[in-house]
Amino acid sequence: MVFRRRNPLTWRQWLAQSFWPRGGWGRALLYLNHRLRRLPDPPHRIARGVFAGIWATFTPFFGVHFVIAAGLAWAIRGNLLAALIATLIGNPLTFPFIAVLSVELGNWMLGHGGEMGAMQIFTALGQAGAELSANFWAIFTPETASWDRMGVFLDRVFWPYLLGGAGPGFLLALAGYRLTLPVVTAYQKMRSRRLAERFERQRALREAARRATAGDGEGGDA
């Protein structure tokens, strides 16, 4: 399996490597590029998968980006694994920029005033999640459900994020598609050529060995 590790990470190691992968982000990006190029699928399907994965990271559905990417890849007949790999463009370093861009653009499109920084956005997300959890448990207790924070979150964060992230997400996903297609095409052609050359060398060696064996047999009979 592509994502299986010989020694599973602890949650602390996973959290640390989410911010700074082992070997640095440069090495991590090279590894992802290597994995994408070697996927056993036509280039256009891999590029569609990359498109789906990148676009999914610009949605406000945190925690289910894999599911959204997989569904979108299936809908456009893209490579599922490429879509899952491409979602890694959304990580703890990039999400604050993605969130601020999407929410600010969405609020501007909706005519909402005021600015929201990354801390405000993720604080609102956490508060909405806590309120949703509390209201769920209120069903089984005498507590009264309250939706004040959820209303603010939907109005100021969720809907602006969903609307504002669609455009930039599409453009970046399209750029990912355009970059992936020629890279994977060139790599697969080069790999096919190398495999053909290797096969021809092996065939020539086998043929030379067969002739040498046949010559030794004729010499022995004489």
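Scope of the values below: all heavy atoms of this structure, side chains included, with no hydrogens, waters or symmetry mates.
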Scan the side chains in residues 119-127 for donor-acceptor partners under 3.5 Å anywhere in the protein, sequence neighbours excluded, and list what turns up.
| residue | atom | partner | partner atom | Å |
| --- | --- | --- | --- | --- |
| Gln120 | OE1 | Gly117 | N | 2.9 |
| Thr123 | OG1 | Met119 | O | 2.6 |

Indicate every side-chain donor-acceptor pair of residues 149-160 with a distance under 3.5 Å to a residue at least two apart or in another chain.
| residue | atom | partner | partner atom | Å |
| --- | --- | --- | --- | --- |
| Arg156 | NH1 | Gly113 | O | 3.2 |
| Arg156 | NH2 | Gly113 | O | 3.0 |

Decide yes or no on side-chain contact (heavy atoms from CB on, under 4.5 Å) for Gln188 and Ile46, but give the supporting numbers first. CA-CA 12 Å; Gln188 290 189 353; Ile46 296 174; 3.9 Å; yes
Evaluate side-chain contact (heavy atoms from CB on, under 4.5 Å) for Phe95 paired with Asn91, printing each intermediate quantity in order. CA-CA 6 Å; Phe95 271 137; Asn91 55 71; 5.5 Å; no
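When each of Leu162, Val103, Leu163 is checked for a side-chain contact (heavy atoms from CB on, under 4.5 Å) with Pro60, only Leu162 meets the rule. In summary, of the residues considered (Ile98, Val50, Leu172), a side-chain contact (heavy atoms from CB on, under 4.5 Å) with Ile89 occurs for Leu172 alone.
Criterion: ILVMFWY side-chain heavy atoms under 4.5 Å apart, direct or through other members. Under it, Leu181 and Phe170 are part of a common hydrophobic cluster. Using a 4.5 Å cut-off between side-chain heavy atoms of Ile, Leu, Val, Met, Phe, Trp and Tyr, with links allowed through other members, Ile68 and Phe62 fall into the same hydrophobic cluster.
Nearest heavy atom pair, residue Asn107 against residue Met116, reads ND2-SD, 4.4 Å. Closest approach of Asn79 to Ala73, counting heavy atoms only: O-CB, 4.2 Å. Contact record, Ala86 with Gly53: CB-CA, 3.9 Å, taken as the closest heavy-atom pair.
When atom types are taken as modelled, the side chain of Ser133 and the backbone of Ala130 share no donor-acceptor pair closer than 3.5 angstrom. Although no hydrogens or angles enter the test, the distance criterion places a donor-acceptor pair under 3.5 Å between the side chain of Trp55 and the main chain of Ala166.
Two residues are said to be in side-chain contact when any heavy atoms from C-beta on lie closer than 4.5 Å; Phe66 and Thr87 meet this criterion.
The distance from the CG atom of Leu171 to the CD1 atom of Ile54 is 11.5 Å, given to the nearest 0.5 Å.
No more than 12 heavy-atom neighbours from other residues, nucleotides or ligands sit within 6.0 angstrom of CZ on Phe97.
Ring pair Phe58/Tyr161: centre-to-centre distance not below 6.0 Å.
Taking the six-membered ring where tryptophan is involved, the planes of Phe51 and Tyr177 are perpendicular, since the angle between them exceeds 60° and thus also 30°.
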